[in-house]
Participant: 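Once you've had a glance at the structure underneath, I'll fire off some questions.
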Amino acid sequence: MNRTHPSDDDSRAARAADTFRQIYGDSPDGVWAAPGRVNLIGEHTDYNDGFALPIALPQTTLLAARTRTDGRLRLHSAQGDGRITELAVAALAPGAVTSWAAYPAGVVWAFAEAGHAVGGADLHFDSTVPTGAGLSSSAALECAVAVAYDELYGLGLTGAELARTAQRAENGFVGVPCGIMDQMASVCCTAGAALHLDARTPERHLQVPFDLEGQGLRLLVIDTRVTHDLGDGAYAALRTGCERAAALLGLPALRDLPAGKLPEALSALPQELVPLVRHVVTENARVEEAVSRLRKGDAAALGPILTDGHASLRDDYRISCPETDLAVAAALHAGALGARMTGGGFGGSVIALVRAGREGMVGESVTAAFGAAGHRPPRTLTVTPAAGARRVEPAPVR
Ligand code: ADP
Ligand code: MG
């Protein structure tokens, strides 16, 4: 099991600043950190103007950055191909960058598009967020740039505005039609709390205390280490299906369909849209129920909500896969209070809520089940609700 403490950021920041000096020959103006996230409940609801309840992870993407006055943007990542990508800010346009650098360059583009006076910079990234595991390494990468540019260029934007800019980068520059949950989680989460997000009004997000330690609980993230290729096109198709259903029902978004009206609405829809609508409406209700249980101080009571949410993703939204279903089943069998896949689907990670002391056994049971089924061993992390994107002070180099 790996555990990353937030204070690790300080020593990692010193290393990132050092590497920055080696690459660019000068000290950075600062180092910023933006976390990955797991969503407790509220999956595929954000693009339906609905609710979600993510936490930020202790795993972060660090960005050492220094402004430039010549309009050039240089990007390097410890997880990249070793090369420095160099671009002109004025020439940034969708399609102009096809590598990983599209995510951070897209944020600079999105700021400029929105009329902010932003210029160039030298950027070096170093991340502990696993990539492509459904833990939002892409949002961490984008949001690190958003918070760094906000400070370096004196933009004075709110967290929700920074998250919108990062989402705009992913939608308009990278070309992924994601909702706003990942970026809101990375920017606006706070340590010890889950973020109650209403995707229609992200600026009005609320912090809901989520005291795992105090309640004798642990949250496991089980990275199945599989991604099924159908993910990309399927995500867009699901989103289109939801928008079509809302239009047929005469609603601005599926969020506007109250749970009490669900049976009537389902009977009016073409058969293929029925499970999509049922998932979104019941999932929004699960978020609200989860928030109410957390507010009563009963985090263990989230368990059944997580498991119900997984069934809905598996049977209605149909975005689970054999590996995520197996991880959920094995975790529950080993005594987890609840478990579900998290993130976009077709692989990625599963979360399991367990009583403290049982995390080893649950992790081992999932690994054993994967071995028996012939899957690669999963990677298991124990996580705590961590802080959102922020500036970090590099610890003095010893
Ligand atoms: P997720 O957000 O779930 O991790 P995505 O497919 O949305 O998965 O984003 C993963 C992509 O983001 C990677 O393939 C890579 O292009 C980019 N990426 C994320 N973190 C880094 C990093 N530290 N360095 C370089 N590229 C990164
Ligand atoms: Mg992503």
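Read the numbers this way: they start at 1 and go in the same order the structure lists the ligands and their atoms. Every value quoted in this text rests on a predicted model; they were computed, and no experiment measured them.
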Participant: Can N39 and T342 be counted as having a side-chain donor-acceptor contact under 3.5 angstrom?
Facilitator: no
Participant: So which protein N/O/S atoms does the Mg ion (ligand 2) have within less than 2.8 Å?
Facilitator: S138 OG
Participant: With no hydrogens and no angle check, do the side chains of W100 and Q79 hold a donor and an acceptor under 3.5 Å apart?
Facilitator: no
Participant: Side chains of S312 and R286 only: does a donor on one sit below 3.5 Å from an acceptor on the other?
Facilitator: yes
Participant: Can you give me the closest heavy-atom contact between H44 and G343, atom names plus distance?
Facilitator: NE2-O, 4.2 Å
Participant: Go through the side-chain N and O atoms of H279 and D315 and say whether any donor and acceptor fall under 3.5 Å apart.
Facilitator: no
Participant: In order of chain and number, which residues sit within 4.0 Å of ligand 1 by heavy atom?
Facilitator: S77, Q79, W100, Y103, S127, P130, T131, G132, A133, G134, L135, S136, S137, S138, L141
Participant: Could you tell me if E243 and T240 have a donor-acceptor pair between their side chains, going purely by distance under 3.5 Å?
Facilitator: no
Participant: Taking atom types as modelled and ignoring hydrogens, do the side chains of T60 and R12 form a donor-acceptor contact shorter than 3.5 angstrom?
Facilitator: yes
Participant: Can a donor-acceptor pair be found between the side chains of E359 and T382 at a distance below 3.5 Å?
Facilitator: no
Participant: Should R390 and V147 be marked as a side chain to side chain contact (heavy atoms under 4.5 Å, CB included) after you check the CA-CA gap, both sets of side-chain angles, and the distance that decides it?
Facilitator: CA-CA 7 Å; R390 64 209 174 268; V147 290; over 6 Å; no
